[in-house]
Structure formats: C-alpha cells, structure tokens
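Note sheet for the following structure.
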Amino acid sequence: MKLPESIQVIERGWLSSNNVVLHARTGAVVVDSGYGAHVPQTLALLERVLAGKKLARLVNTHCHSDHMGGNAAIQAKYGCRTSIPEGEAPLIDRWDEQALILAIADQRAERFRYDDTFRDGDTLRMGGYDWRVIAAPGHDTHAVMFHSPEARVLISGDAFWENGFGVVFPQLFGRDTALAETRATLEAIGRLDVDVVIPGHGRPFGDAGAALERAFYRLEGYEEDITRLARHCAKVMLSFALLEKRSMPLAELPAYVARVPILAELNSRYLRMTPAAMAEWLLNDLERAGAAHRNDGTLYATGN
Ligand SMILES: [Zn+2]
C-alpha cells in the first residue's frame with residue numbers, strides 16, 4: 001500500500017478529521033480542516049507539511065464540525081480558494097446549526113465563506129491527478145468522496161473507514177433515508193478501482209474489499225434493529241463532547257443528556273429512559289469501551 005508522493009495525509013486524533021494535502025506546482029490543496037478547538041495544531045501541522053509552498057485551495061468532503069472547524073482560520077492565514085459540496089452551500093449560507101449538527105450536538109465551528117461548489121460527477125484537479133467527485137450520502141446527506149482512477153486512491157471522508165463509517169443518524173429531524181443511502185454509498189465504493197483509501201479518521205488503508213465487508217456487517221446490524229443505531233449515535237455524540245471538554249462532573253451528566261437536543265431526541269424517540277438512567281447507561285458503556293473513566297465524581301475522556 002503506497003500513496004503517490006504528491007499526496008500527504010496528516011493523520012489526526014479523533015476530535016479532528018485527517019487533513020489530506022495534495023501537492024502540485026500550481027499550489028497545494030488541503031482536504032478538510034479539522035475541529036475548531038484544534039486550530040493552532042492544524043495550522044502548525046499544515047505549515048510544516050507545506051514547507052513554504054502556496055496553499056491554493058481548501059476543499060471539504062462535508063461540513064461537519066470536525067471537518068470544517070479550521071476553515072475560517074486556514075482562509076485567514078492563506079487566503080485560499082474554498083470549495084464545498086453543492087448540497088452544503090445553503091446550510092453554510094444560512095449557518096444552519098441544526099442541519100450542520102452544531103449547537104444541537106453541543107458542537108461548534110467558526111463561520112466561514114466559500115468561493116465555489118462541486119457536485120457528483122465533477123472533476124477536481126488536486127496533487128497532479130484528476131479526482132472524480134462522487135456523492136456519498138449516509139453519514140451526511142450532502143457528503144462527497146474524491147476518487148482518482150489513475151492513482152487508484154479514494155478520499156472517503158466519513159463515508160467509509162477501515163472499521164465501518166461515520167455515525168449515521170437514525171430518523172431524526174424527519175430524515176429516514178440515511179441507512180438506505182449508506183448502503184448505496186458502500187455499494188458505489190465497491191464498484192471503484194481502489195488500492196488505497198484515505199479515510200476522514202484513522203490511517204490510510206488498503207484492502208478496501210475486507211473493509212467493505214466489515215462496513216456492510218455493521219450496517220446490517222443497524223438495519224435489523226434501529227435502536228442499535230440510536231445507542232451507537234448517543235455514545236458517539238457524548239464521546240465527542242467529552243473529548244472536547246476532557247472531563248465532566250458526573251453529577252451534571254443527567255442534566256446534560258436532557259439538555260443537548262440530539263441526545264434528548266434520541267432518548268425520547270428510541271431509548272425512553274429517564275435522564276439519570278440514560279446517563280448511567282452511557283457512563284457504563286463508555287467505560288467498558290475504554291473511552292472514558294470516572295474518578296472522584298468526574299468523568300474523564302481517555303482519548304480512545
Ligand atoms: Zn462527519
């Protein structure tokens with residue numbers, strides 16, 4: 001498994017998406033900008049990887065906080081052209097905190113501007129290769145992937161990971177097609193010629209076929225029982241918040257799960273627990289998964 005020299009992946013921890021830097025004489029392109037709380041680190045890493053060369057363009061696979069959180073800062077520093085998926089544009093125009101999964105999930109991102117959009121079927125020139133834009137709905141309705149048939153590389157964002165895919169939101173806010181979209185996106189990936197996948201989180205990987213099998217297995221579990229997905233979604237949302245805050249007083253957790261709209265809606269629609277019971281269940285589950293541990297009345301993120 002080897003990436004072309006012009007493609008460099010800055011692999012990040014879980015709060016931030018990876019940043020993919022594609023070098024070319026006409027200027028570099030960076031795909032995705034990480035989470036807002038990590039901006040200083042993102043800028044330092046980018047500066048090192050660019051080594052004085054020009055950053056011509058910033059491109060997003062989708063507009064979730066951990067992929068667009070550094071957009072404003074990167075624009076301010078490099079004055080680069082910014083391009084986003086066409087479907088995200090109206091959400092960015094009106095800064096739709098619900099559709100962008102910001103305040104409703106206790107997440108934040110600095111508002112940014114974009115210069116243009118791209119859509120399924122378009123071709124982007126990045127790192128000396130032509131990349132086909134492929135719609136990748138599921139985790140985010142408007143998400144895209146970038147595929148270079150020549151380099152045989154897929155930049156998959158959160159549509160496809162080495163172990164699964166980015167959390168899919170069950171029927172919330174009137175949207176009930178997410179699992180069917182996820183299946184169609186995975187099937188589309190199966191039809192591509194790919195030697196290396198660069199996911200939005202985690203290391204680049206080969207053997208897309210085996211990873212697809214794992215992804216389909218996971219998807220089938222959710223298709224069989226939607227409450228599995230609701231539980232997974234609640235755990236992902238709390239883990240993310242905990243990673244940002246690093247710690248939370250245990251006594252505040254029931255009020256937190258009742259206050260954050262996405263957790264409250266998952267609970268009222270699928271889980272139907274008291275806030276205290278939901279907090280206790282989440283706590284036990286995150287501890288069992290090694291994502292958190294409690295000590296002296298406080299819940300701490302472990303970073304796993
Ligand atoms: Zn995402």
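For ligands, and for the atoms within them, numbers begin at 1 and follow the listed sequence. Sequential numbering from 1 along the given sequence is applied to the chain's residues.
- Distances under 2.8 Å from the Zn ion (ligand 1) pick out the protein N/O/S atoms His62 NE2, His64 ND1, His139 NE2, Asp158 OD2.
- Taking the six-membered ring for Trp and the full ring otherwise, Phe118 and Phe146 have centroids separated by under 6.0 Å.
- Aromatic pair His201/Trp161: centroids less than 6.0 angstrom apart.
- Ring centroids of His293 and Tyr300 are separated by less than 6.0 Å, placing the two rings close together.
- At a threshold of 4.0 Å, the pair Asp285-Lys235 counts as salt-bridged, since one of the basic side-chain nitrogens sits closer than that to a carboxylate oxygen.
- A distance below 6.0 Å separates the ring centres of Phe240 and Tyr35.
- Tyr222 and His232 have parallel rings, their planes meeting at less than 30° on a 0 to 90° scale where 60° marks the start of perpendicular.
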